[in-house]
Visitor: 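Sending over a structure as structure tokens; questions will come in a sec.
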Amino acid sequence: MKHFFIALFILVRTNSFGQTSTKIDSLTFCFTKYKVPTDCTAESEYQVKCDNYSIVWLYMNEQMLQFMPDQFVNQMAGQMKKYKKEPITCYLLDKEVKGYKISFKKDKGIGYQLIGYGVANGQPVLVQLALDNEPKTNDDIPNFPRQIIRLTK
């Protein structure tokens, strides 16, 4: 079962590679529509990649929400060097949810991620925001992902 969810998440993150090159100019996150930011590319309907961050989300059902986020975070621990995770409370579309602030060693320095998961606009979802710099406050989160995930209201 664990491998199924890992494969599912990888499939969602990379599904654009097997498709024809249709430019995506808008995205919908939990029933809210957003324009793809300038200087960024939508790698799929669920992922935006920019120079200093990437954000991806995975829709789930209530049952998956009970175990999948912790499984996903624990799986990451086995794949990254100098991995540290800190449980946090964060906000998805102004709704308080559970999450983790993660740091890990990269080739050139340290990488950071915010993982937030819960129900936003009635939709169970997991959000993964990868950043080049440590997110200490909302100001450390770029404008586009800050519309989706924040540290404080």
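Please read all numbers here as calculations on a predicted model, not as lab measurements.
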Visitor: Rounded to the nearest 0.5 Å, how far apart are CZ of Phe29 and CD of Gln123?
Guide: 9.0 Å

Visitor: Where is the tightest heavy-atom contact between Leu151 and Asn138, given as atom of each residue plus distance?
Guide: N-OD1, 2.6 Å

Visitor: Determine, step by step, whether Leu27 and Trp57 satisfy the side chain to side chain contact (heavy atoms under 4.5 Å, CB included) criterion, reporting the C-alpha distance in whole Å, the side-chain angles of both residues, the deciding distance to 0.1 Å, and the verdict.
Guide: CA-CA 11 Å; Leu27 307 159; Trp57 53 91; 4.0 Å; yes

Visitor: May I ask you to test the Tyr117-Met68 pair for a side-chain heavy-atom distance under 4.5 Å?
Guide: no

Visitor: Could you tell me which non-hydrogen atom of Gln75 sits nearest to which non-hydrogen atom of Gln79, and how far apart they are?
Guide: NE2-NE2, 3.4 Å

Visitor: Do Tyr112 and Asp140 have side-chain heavy atoms sitting under 4.5 Å apart?
Guide: no

Visitor: Same hydrophobic cluster for Tyr91 and Val127, using side-chain heavy-atom links shorter than 4.5 Å among ILVMFWY?
Guide: no

Visitor: Rounded to the nearest 0.5 Å, how far does CD1 of Ile55 lie from CZ of Arg146?
Guide: 12.0 Å

Visitor: Using a 4.5 Å cut-off on heavy atoms from C-beta on, say whether the side chain of Gln128 contacts that of Phe72.
Guide: yes

Visitor: Tell me, yes or no, whether the heavy-atom count around Gln63 atom CD, taken from other residues, nucleotides or ligands under 6.0 Å, exceeds 12.
Guide: no

Visitor: I need the Asp70 CG to Ile115 CD1 distance, nearest 0.5 Å.
Guide: 11.0 Å

Visitor: Could you grab the distance from atom CD1 of Ile141 to atom CG of Leu114, nearest 0.5 Å is fine?
Guide: 5.5 Å

Visitor: Is there a path of hydrophobic side-chain contacts, each under 4.5 Å between heavy atoms of I/L/V/M/F/W/Y residues, joining Val97 to Ile148?
Guide: yes

Visitor: Using a 4.5 Å cut-off on heavy atoms from C-beta on, say whether the side chain of Leu93 contacts that of Cys30.
Guide: yes

Visitor: Closest approach of Ile102 and Tyr83, non-hydrogen atoms and distance?
Guide: CG2-CE1, 3.4 Å

Visitor: Do Met76 and Lys85 make a side-chain contact, defined as non-hydrogen atoms from C-beta onward lying under 4.5 Å apart?
Guide: no

Visitor: Ring centres of Tyr34 and Phe144 under 6.0 Å apart?
Guide: yes

Visitor: What distance separates Thr41 OG1 from Asp25 CG, expressed to the nearest 0.5 Å?
Guide: 13.0 Å

Visitor: Kindly give the heavy-atom pair with the smallest separation between Cys40 and Val36, and that separation in Å.
Guide: O-CG1, 3.9 Å

Visitor: When you group the ILVMFWY residues by side-chain heavy-atom contacts below 4.5 Å and let the links chain together, are Leu58 and Leu65 in the same group?
Guide: yes

Visitor: Taking the side chain as every heavy atom from C-beta outward, state whether Met60 and Pro69 have any atom pair closer than 4.5 Å.
Guide: yes

Visitor: Please check if atom CG in Asp39 has more than 12 non-hydrogen atoms from other residues, nucleotides or ligands closer than 6.0 Å.
Guide: no

Visitor: So which heavy atom on Ser44 is nearest to which on Ile24, and how close?
Guide: C-CD1, 3.6 Å

Visitor: Take Lys106 and Asp132 through the test salt bridge (charged side-chain N to carboxylate O under 4.0 Å, His left out) and record every step on the way to the result.
Guide: CA-CA 10 Å; Lys106 293 187 345 178; Asp132 291 339; 3.6 Å; yes

Visitor: Mind checking whether Met64 and Asn61 have side chains closer than 4.5 Å, heavy atoms only?
Guide: yes

Visitor: What are the two closest heavy atoms between Cys90 and Gly116, and how far apart are they?
Guide: SG-CA, 3.7 Å

Visitor: Is the closest side-chain heavy-atom distance between Asn121 and Lys95 below 4.5 Å?
Guide: no

